[in-house]
Novice: 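One structure is given below, represented as structure tokens, and several questions about it will come after.
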Amino acid sequence: MNAQLTIALSKGRIYEETLPLLAAAGIHAVEDPEKSRKLIIKTNHDNIRLIIVRASDVPTYVQYGAADFGIAGKDVLIEHNGKGLYQPLDLHIANCKMMVAVRKGFNYTAASQPGCRLRVATKYPNIALEHFANKGVHIDLIKLYGSMELAPLVGLADAIVDLVSSGNTLKANNLEAVEHIVDISSRLVVNKAVLKLKYSSIQPIIDIFAQTTHLNMNNSL
Ligand code: PRT
Ligand code: MG
């Protein structure tokens, strides 16, 4: 018998880039979450449903078993701490970089010498604290929930730690990336206990995601 499966996804880039993986596994949403206001989306399989949650909430739904598995960015997973989660696969989707950025013309090299003190605004406190601790730079961390790019422009912070993909947002706001912290992509996250209980339903999907990811990567070489 096929187990009931709930898959947690966020709208936007992760959903778009996950659709081809789901399709390869024969899973098709019956509604488009970008157009529907529904948070539970049925699929062509009676036993499989998608739940649409905030990107940073995906690990929490999976951790507590409210979703069996989900897809989340490495940025979100580092901040969440990964408790109770098995991360079997890097899907190489929603790729970007975690960077330090400052206002153009700000002398970051001088301001980030060991022993210096910097005001850093970010949505990613764990990543920022670890990065600057490794450099021996003290930081006053200012936690924001979005639009970090504004902080250096209005004097809230000297630097931001944020995700960059095309670089257009930094450019449009007269900012520049000055340090690369870590490459980010999205991963499959599975509840550890659920994987054991529903192994025969979940593992074949993981295998298809792995094959499809591998094929996509080889085709893009
Ligand atoms: O938007 P919301 O507050 O609901 O949540 P979210 O921002 O966490 O979700 P979403 O859907 O925007 O991002 C989901 C995941 O996509 C993130 O957790 C990352 O792993 C990944 N990802 C990939 C990105 C980007 N690229 C990205 N460019 N997430 C955010 N951005 C933002 C970035 O923060 C910056 O504001 O896009 C802007 C920069 O983009 P460029 O192209 O101008 O450089
Ligand atoms: Mg966003």
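Note that ligands are numbered from 1 as they come in the structure, with each ligand's atoms numbered from 1 the same way.
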Novice: Check for me whether Lys171 has a heavy atom closer than 4.0 Å to any atom of ligand 1.
Specialist: no
Novice: Measure the distance from atom 43 (O) of ligand 1 to every protein heavy atom, then report the residue, atom name and distance (to 0.1 Å) of the closest one.
Specialist: Thr169 OG1, 2.5 Å
Novice: Does the side chain of Tyr108 pick up a donor-acceptor pair with the side chain of Glu179 at under 3.5 Å?
Specialist: yes
Novice: Just to be sure I read this right, does ligand 1 sit under 4.0 Å from the backbone of Lys74, its side chain, both, or neither, counting only heavy atoms?
Specialist: neither
Novice: With atoms numbered from 1 as shown, which atoms in ligand 1 lie under 4.0 angstrom from a non-hydrogen atom of Ser166?
Specialist: 41 (P), 42 (O), 43 (O), 44 (O)
Novice: Backbone, side chain, both or neither: what part of Leu170 comes under 4.0 angstrom of ligand 1, heavy atoms only?
Specialist: neither
Novice: Identify, by atom number and element, the atoms of ligand 1 in contact range of Val164, meaning under 4.0 Å from any of its heavy atoms.
Specialist: 44 (O)
Novice: Quick one: does Met148 get a heavy atom under 4.0 Å from ligand 1?
Specialist: no
Novice: By number and element, which atoms of ligand 1 are closer than 4.0 Å to a non-hydrogen atom of Val76?
Specialist: 18 (O)
Novice: Side chain, backbone, both or neither: which applies to Leu163 and ligand 1 if a contact is any heavy-atom pair less than 4.0 Å apart?
Specialist: both
Novice: Can an N or O of Ser165 be found at a distance shorter than 3.5 Å from an N or O of ligand 1?
Specialist: yes
Novice: Please work out whether any backbone atom (N, CA, C, O) or any side-chain heavy atom from C-beta onward of Lys123 is under 4.0 Å from ligand 1, and answer side chain, backbone, both or neither.
Specialist: side chain
Novice: What about Arg54: any of its N or O atoms under 3.5 Å from an N or O on ligand 1?
Specialist: yes
Novice: What about Ile51 and Leu22, same hydrophobic cluster or not, with Ile/Leu/Val/Met/Phe/Trp/Tyr joined at side-chain heavy-atom distances under 4.5 Å?
Specialist: no
Novice: Which residue and non-hydrogen atom of the protein lie closest to atom 30 (C) of ligand 1, and at what distance in Å?
Specialist: Arg13 NH2, 3.4 Å
Novice: Closer than 4.0 angstrom, basic N to acidic O: yes or no for Lys123 and Asp162?
Specialist: no
Novice: We want to know whether Ser185 and Asp90 form a side-chain donor-acceptor pair, criterion being a heavy-atom distance below 3.5 angstrom.
Specialist: yes
Novice: Taking 4.0 Å as the limit for heavy-atom contacts, which would you say applies to Ala55 with ligand 1: side chain only, backbone only, both, or neither?
Specialist: side chain
Novice: Closest non-hydrogen protein atom to atom 35 (C) of ligand 1, residue and atom name please, with distance?
Specialist: Glu149 OE2, 3.4 Å
Novice: Less than 4.0 Å is my threshold; does some heavy atom of Gly12 fall inside it relative to ligand 1?
Specialist: no
Novice: What are the atoms of ligand 1, with element, lying closer than 4.0 Å to any heavy atom of Gly73?
Specialist: 20 (O)
Novice: Looking at ligand 1, is there an atom of it that comes within less than 4.0 Å of some heavy atom belonging to Gly146?
Specialist: no
Novice: What atoms in ligand 1 come closer than 4.0 Å to a heavy atom of Asp75?
Specialist: 17 (C), 18 (O), 19 (C), 20 (O)
Novice: With distance as the sole test, does Ser36 use its side chain to make a donor-acceptor pair with the main-chain N or O of Asp32 at under 3.5 Å?
Specialist: no
